[in-house]
There are 2 protein chains.
Amino acid sequence: MAVTIDDIAKAAGVSRATVSRVLNDSGYVKDETRKKVLKAIKELNYTPSAIARSLSKKKTNTIGVVVPEINNPFFGEIIKGVNQVADEHNLNLILCNTDEDVDKELKALKLLKEQRIQGILITPTSTDSDYNSEYLWTIENLGIPVVLIDGHVKYSNFNGVFIDHIKGAYDAVKTLIDEGHEKIAIITGRMDSRPAKERLAGYKKALKMHNIPIREEYIFYGDYTHEKAYKITKEILKMKDRPTAIFVSSNMMVLGCIKAFDEENIQIPKDMAIIGFDKVEVLNIIGMNISFINGPTIEMGKTAMNMLIDILQSGKTTETEIKTIKLLPQLVLKGSEKFIE
Amino acid sequence: MAVTIDDIAKAAGVSRATVSRVLNDSGYVKDETRKKVLKAIKELNYTPSAIARSLSKKKTNTIGVVVPEINNPFFGEIIKGVNQVADEHNLNLILCNTDEDVDKELKALKLLKEQRIQGILITPTSTDSDYNSEYLWTIENLGIPVVLIDGHVKYSNFNGVFIDHIKGAYDAVKTLIDEGHEKIAIITGRMDSRPAKERLAGYKKALKMHNIPIREEYIFYGDYTHEKAYKITKEILKMKDRPTAIFVSSNMMVLGCIKAFDEENIQIPKDMAIIGFDKVEVLNIIGMNISFINGPTIEMGKTAMNMLIDILQSGKTTETEIKTIKLLPQLVLKGSEKFIE
DNA sequence: ATGAAAGCGCTAACAT
DNA sequence: ATGTTAGCGCTTTCAT
């Protein structure tokens with residue numbers, strides 16, 4: 001660990017500038033000299049210090065990634081996408097997991113700034129709550145480019161890549177309508193989150209566009225958990241004028257529905273049709289075919305990383321524009337949406 | 001971004017040494033002076049550079065984490081555990097995802113060394129194949145403490161935390177035996193991986209200890225994929241002298257079994273009992289109760305991080321001992337193991 | 001209690 | 001084509 005560029009210089013009988021040149025392929029170096037240097041590097045098992053280089057260059061080549069829940073495959077896939085692009089550009093990733101905790105998120109941001117990272121990719125825990133002011137202040141005063149991934153930070157404009165939840169929900173509900181369903185319920189997500197709001201909007205839009213009246217009693221407010229969805233589904237199944245289809249606003253909640261269906265001996269789609277938002281890989285593997293809206297997670301990660309790289313390469317110290325990309329989710333039909341008399 | 005310790009010194013009318021002292025709470029600083037400095041820091045929104053500090057201290061406070069598949073919740077949970085402990089000790093995590101690719105893993109190791117990280121936590125992609133020599137050479141010559149997580153690098157001894165796969169498998173099979181099963185099949189993992197070998201060993205041990213002859217035709221060699229497990233299960237169901245229970249050596253493979261069962265109208269556990277290794281959260285949520293051996297993933301991450309911290313604090317440049325911890329997996333019974341005539 | 005100065009390992013003009 | 005030198009932003013003796 002103690003071998004430095006000077007050791008190499010000494011061993012090769014050249015100056016440290018020359019060593020630096022062969023290290024960076026910059027400037028002119030006689031072939032013979034280069035070989036000597038390379039040999040010394042090999043022999044001493046030398047690895048240059050990125051720390052020293054960063055300090056000297058005032059540039060770290062590392063970017064920070066902040067996620068709320070690393071053990072959720074949704075974020076795992078985002079990171080996978082981020083990582084792929086980062087790899088291609090030889091960027092390091094410093095990972096911060098916040099456990100959905102705003103204070104940890106703030107702490108992470110501070111940490112990252114100390115590390116003099118080039119930019120930040122963040123999937124904000126943030127909802128509409130009122131801590132937002134300090135939160136925003138922190139992000140904005142970072143002086144570092146930030147790209148949001150599928151989140152929403154109130155009152156403020158940031159670069160980001162998002163999913164078009166409205167369109168996704170619209171497509172799902174439209175499909176149900178096309179199948180012949182008219183009594184379509186929705187189980188929403190936590191309504192202080194942007195995706196939940198947008199998905200509900202998409203649901204309403206689809207009904208309106210097809211002249212189906214929106215019935216408040218068909219709108220059920222969930223909270224993204226399968227437990228709540230389970231309870232709601234039980235209720236739905238007890239309704240006198242029961243819907244024939246449910247649009248479920250998140251993957252976890254789909255699981256709750258399935259459990260309730262199972263207990264009440266409800267067959268999909270014979271007794272109840274269903275379309276979810278976001279996939280649950282496992283269900284397909286075990287042969288349980290549930291249609292869903294597929295938000296392109298890996299793609300989101302890639303897109304965000306690319307956007308950040310673009311911003312960094314533009315080289316502007318102050319940002320002059322807000323970049324936003326909306327990714328379109330795909331509808332994946334498995335048969336659970338069918339209308340069967 | 002341009003504000004440095006010298007700016008603060010100037011603003012506060014002191015030397016940079018003094019600023020450093022208040023930053024690190026070291027040495028003596030008059031209260032009044034400290035306040036001036038703190039004020040300047042606040043006003044200029046100054047964040048010290050970890051890079052410069054690292055260079056000066058020859059110590060980075062960051063550790064590298066290398067995993068093969070970030071989007072697999074198994075590794076997600078490990079990282080979550082690692083992260084928790086790292087947080088408590090104010091350590092940064094540099095994440096490397098290798099996509100099960102040995103070359104990427106090697107590259108990651110090099111990258112990490114350049115970053116002068118303090119230590120490495122790695123879940124090796126490595127199996128028994130022959131690239132091992134370069135691989136081992138690389139790790140050993142890193143000159144950095146390494147802690148393995150649940151992996152196995154052939155021919156070599158490293159610090160590490162592992163799961164006692166033998167005991168896990170033994171417990172599972174013993175449970176089946178206690179239930180009254182005698183014809184018990186196993187679907188193994190990829191046999192060039194250590195966990196697969198050990199789980200098979202545990203299976204055999206349980207049979208032997210209970211005087212049940214090992215029947216080669218009940219040993220099925222899988223490869224951790226659900227597709228293969230699906231095919232194998234179909235075969236099993238066709239056997240003349242069909243087993244009454246299957247011990248399935250990985251969570252993904254359990255899914256393949258379930259699909260096959262479903263297609264053939266096999267009821268669990270009436271027609272076939274089953275116990276898997278590693279949980280599949282989703283199955284429980286939808287009310288499908290499959291018993292399984294639970295390897296404590298988050299715990300493994302924590303334990304590994306703690307071990308690394310221990311090693312670092314021991315302060316030895318050369319390691320004088322190999323530390324190894326084996327974590328005991330727990331049996332979680334859900335009813336799928338029952339013997340029903 | 002505070003300051004001056006050397007040094008961490010590298011890069012990048014500037015010389016030669 | 002190669003060497004000299006001055007930083008990069010911080011910590012840490014050593015003085016005072």
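Just so it is clear, the values below take in all heavy atoms, side chains as well, and ignore hydrogens, waters and symmetry mates. Throughout, a chain's letter reflects where its sequence line sits, starting with A, and its residues are numbered from 1.
Going from atom CD1 of Ile51(B) over to atom P of dT11(C) covers 14 Å, rounded to whole Å. One atom, OH of Tyr46(B), and another, P of dG9(D), lie 10 Å apart when rounded to the nearest Å. The interatomic distance linking Lys113(B) (NZ) with dG9(C) (P) rounds to 14 Å, in whole Å. For the pair Asp25(B) CG and dT12(D) P, the computed distance is 13 Å after rounding to whole Å. Put simply, NZ on Lys36(A) is 13 Å from C1' on dG3(D), counting in whole angstrom units. Put simply, CG on Asn61(B) is 12 Å from P on dT11(D), counting in whole angstrom units. Following rounding to the nearest Å, Asp6(A) (CG) and dT11(C) (P) show an atom-to-atom distance of 11 Å. Between the CD1 atom of Ile41(B) and the C1' atom of dC10(D) there is a distance of 13 Å, rounded to whole Å.
Using a 4.0 Å cut-off between charged nitrogen and carboxylate oxygen, Asp150(B) and Arg194(B) do not count as a salt-bridge pair. The pair Lys35(B)-Asp31(B) meets the salt-bridge criterion, with a side-chain N (NZ, NE, NH1 or NH2) lying under 4.0 Å from an Asp/Glu carboxylate O.
Distance alone, capped at 3.5 Å, places no donor-acceptor pair between the Asn97(B) side chain and the Asn83(A) backbone.
The environment of NZ in Lys104(A) is crowded: more than 12 heavy-atom neighbours from other residues, nucleotides or ligands sit within 6.0 Å.
In this structure the side chain of Pro145(B) never reaches within 4.5 angstrom of the side chain of Asn159(B), judged on heavy atoms.
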Evaluation steps, side chain to side chain contact (heavy atoms under 4.5 Å, CB included), between Gln115(A) and Thr60(A): CA-CA 8 Å; Gln115(A) 295 296 329; Thr60(A) 54; over 6 Å; no
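OP1 or OP2 of dT11(D) lies within a sub-4.0 Å distance of a side-chain N or O belonging to Ser20(B).
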Where protein sits on nucleotides 1-8 of chain C, one letter per nucleotide: B base, S sugar-phosphate only, - none, heavy atoms under 4.0 Å: BBBB-BBB
